[in-house]
Structure formats: structure tokens, C-alpha cells
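Just below is one structure, and these are the notes that go with it.
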Amino acid sequence: MDLRESLHVQNRHWSSFQRLDSKHQVFRTQFTKMKHHLKSSHLILTLLGPRRIGKTTLMKQFINFLIYELETDPIDVIYFSFDEHQEDPYEVLKDYASEFGFQLHERKLYIFFDEVQYISRWASKIKVLYDQFQDFRFFLSGSSSLDLSRGNESLAGREYVLKIGPLSFNEYLSFKKLTPRNSKMLSDEYTKYMKQQLPALVLHNENPGE
């Protein structure tokens, strides 16, 4: 699959204006923080946390929020995961702009780069883009090893890091749509929660051991 084909596969909202599959409609507490950041700061927002903690889901939920709540033009929102395609971020944006026939400096874009730790010298490349295109809003995600792959580059003064951890107990109850009616139910659910703190374990009844 070439870059342009991958772009369209990952951004179905461009052609069909449909919501991206965010797997579920339960929101982590960080979603509210992302909305506040959008209003209050122009810094790069980086979601940092281990795999399967919900970073990609948060990104796709936020893309849906931009398009369907804030009525952002779907063409102005791009999502790209570097998990399988370790492309240069600038090349990704150039192909994206070329596909729709505009120059990058002509539009205000919302850019969601997922799993950026797979990009060689990712911090320096994102820094160049951030400094060059000041109307862009950047949202990044990476594993907990993201700092180790920055190289010698720093995004100090350009980045706000939002750490994504396991579900809190309140989030766990929200995901399961539970309101314990007494202390025993609360205690029983807390015992289950101690083994089910990842969203997938709660939502899909997966085996914690696996």
C-alpha cells in the first residue's frame, strides 16, 4: 500500500464524512483536558502512555469532536499512524496537500500523528513543522519510551505532554455503566477493577492474563 492509499484508508472522514471508528463512545478524563487544551494553548499536545491504554481511541474521538461538534471541515483534519508506515512527516503532509490541490500554508490544519516513536529523529522533524506552519494544531501520540527516541532535540516551550495511564476506578465504573448500590457491590467491583485497568479488558471482557 503506497502512502496516498494509506492516507485515504486512515482518513475515511475525507470522502464519506463518517465518524472514525473509535471503538467505543465512553470517554477518558483526558478527553476533557484535550478540549481545554484546544481552547487555551497552541502548543503541540502529546499523548504519552503504554500500548493499549487508549491513545489512538482518544485521537479518533477528538477528530469526531472537531468535525461533528465544532464543524471543522473534514479535509482540514488528518490522521496518520506511523506504526506500519515509517514515512517522513513532511512527506506525509505534502502528499496530503497534493491530493486535495492546496499548498500547506493556505489552510489551518489539525494534524494527528500516531505512534511517532517509529519516526527516526521525530522530535526535530516535528519541531521544524511546528515552527514553519504556525496555523497548524499538532496532536501526537507515543509509547512510554518516546523520550528515549527524541535524540538530542527538545520540544521545550512547544509541547504539552498529557500522560495516559490505566483506568481510574471511576472510569472503570463508567466504562461498565455501573453504579454500585452498596458497599459489598463496591468492594466486589474494586476487586475486579484491580485486574482490569486497561480499556480493552473492561469493554471486551478480555482475559487479564492474556
Side-chain angles (χ1 to χ4, degrees), residues 10-13 16-74 77-81 83 110-117 137-147 159-210:
Q10 296 190 54
N11 292 273
R12 295 194 318 276
H13 58 282
S16 57
F17 297 166
Q18 62 180 318
R19 290 177 180 267
L20 292 182
D21 177 18
S22 61
K23 297 187 178 180
H24 56 80
Q25 294 304 312
V26 185
F27 296 96
R28 300 290 307 269
T29 56
Q30 288 85 359
F31 185 80
T32 300
K33 295 179 180 179
M34 291 174 72
K35 290 197 293 185
H36 176 73
H37 176 83
L38 184 68
K39 295 179 180 179
S40 63
S41 173
H42 199 272
L43 297 178
I44 298 165
L45 178 62
T46 300
L47 305 179
L48 182 64
R51 278 189 169 278
R52 305 198 75 200
I53 208 69
K55 302 184 300 295
T56 297
T57 295
L58 273 168
M59 281 188 155
K60 292 185 176 180
Q61 287 177 329
F62 204 74
I63 288 172
N64 289 335
F65 168 74
L66 287 172
I67 295 172
Y68 297 101
E69 300 295 329
L70 299 188
E71 299 183 344
T72 304
D73 187 335
V77 183
I78 174 176
Y79 168 87
F80 192 82
S81 174
D83 197 355
Y110 296 87
I111 299 164
F112 293 79
F113 282 157
D114 205 356
E115 303 290 0
V116 294
Q117 74 271 8
R137 300 302 301 269
F138 286 93
F139 300 83
L140 314 178
S141 90
S143 71
S144 298
S145 62
L146 193 63
D147 286 332
E159 178 189 35
Y160 174 75
V161 176
L162 184 57
K163 293 186 177 180
I164 314 297
L167 296 175
S168 68
F169 185 49
N170 283 337
E171 286 177 320
Y172 166 87
L173 293 175
S174 177
F175 273 45
K176 296 198 73 172
K177 299 180 180 179
L178 290 175
T179 304
R181 294 188 298 273
N182 54 57
S183 58
K184 184 179 186 309
M185 288 180 63
L186 190 67
S187 177
D188 289 345
E189 284 303 323
Y190 192 80
T191 300
K192 295 176 185 177
Y193 160 72
M194 293 302 292
K195 296 181 179 180
Q196 294 182 315
Q197 296 184 21
L198 297 181
L201 297 179
V202 178
L203 292 168
H204 307 299
N205 295 315
E206 294 187 15
N207 187 324
E210 294 177 359

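Residues passing the ring pair (Phe, Tyr, Trp, His ring centres under 6.0 Å) test with Tyr193 are Phe169, Tyr172, Tyr190, sequence neighbours excluded. Residues satisfying the side-chain hydrogen bond (donor to acceptor under 3.5 Å, both in side chains) criterion with Lys177, sequence neighbours excluded, are absent altogether. Under the side-chain hydrogen bond (donor to acceptor under 3.5 Å, both in side chains) criterion, Ser81 pairs with no residue, sequence neighbours left out. Applying the salt bridge (charged side-chain N to carboxylate O under 4.0 Å, His left out) criterion to Lys163, with sequence neighbours excluded, gives no partner residue. Checked against salt bridge (charged side-chain N to carboxylate O under 4.0 Å, His left out), Lys39 has no partners two or more places apart in sequence or in another chain.
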Expected list for residues 29-38: side-chain donor-acceptor pairs under 3.5 angstrom, two or more places apart:
{"from": "Thr29", "atom 1": "OG1", "to": "Glu171", "atom 2": "OE2", "distance (Å)": "3.3"}
{"from": "His37", "atom 1": "NE2", "to": "Leu43", "atom 2": "O", "distance (Å)": "2.9"}

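A donor-acceptor contact shorter than 3.5 Å links the side chain of Gln117 to the backbone of Ser143.
Once rounded to the nearest 0.5 Å, the distance linking CD1 of Ile63 with OH of Tyr68 reads 11.0 Å. Distance check, rounded to the nearest 0.5 Å: CG of Asn64 to OG1 of Thr72 gives 11.5 Å. Once rounded to the nearest 0.5 Å, the distance linking CZ of Phe175 with CG of Leu167 reads 5.0 Å. Expressed to the nearest 0.5 Å, how far CD1 of Ile44 lies from CZ of Arg137 amounts to 10.5 Å.
When every heavy atom of Met59 is checked against every heavy atom of Ser141, the shortest pair comes out as CE-N, 3.5 Å. Residues Glu159 and Thr46 approach most closely at OE2-OG1, 2.6 Å, considering heavy atoms. Of all the heavy atoms in Leu201 and Gln196, the pair that sits closest is O-NE2, 3.5 Å.
In this structure the side chain of Leu48 never reaches within 4.5 angstrom of the side chain of Lys55, judged on heavy atoms. Side-chain contact between Ile53 and Leu198 is present, with heavy atoms from C-beta onward closer than 4.5 Å.
One finds a salt bridge joining Lys184 and Asp188 here, because a Lys/Arg side-chain nitrogen approaches an Asp/Glu carboxylate oxygen to under 4.0 Å. Between Asp114 and Lys60 no salt bridge is recorded (no basic side-chain N to carboxylate O distance below 4.0 Å).
Tested against Phe139 for a ring pair (Phe, Tyr, Trp, His ring centres under 6.0 Å), the candidates Phe65, Phe112, Tyr160, Tyr79 yield a single pass: Phe112.
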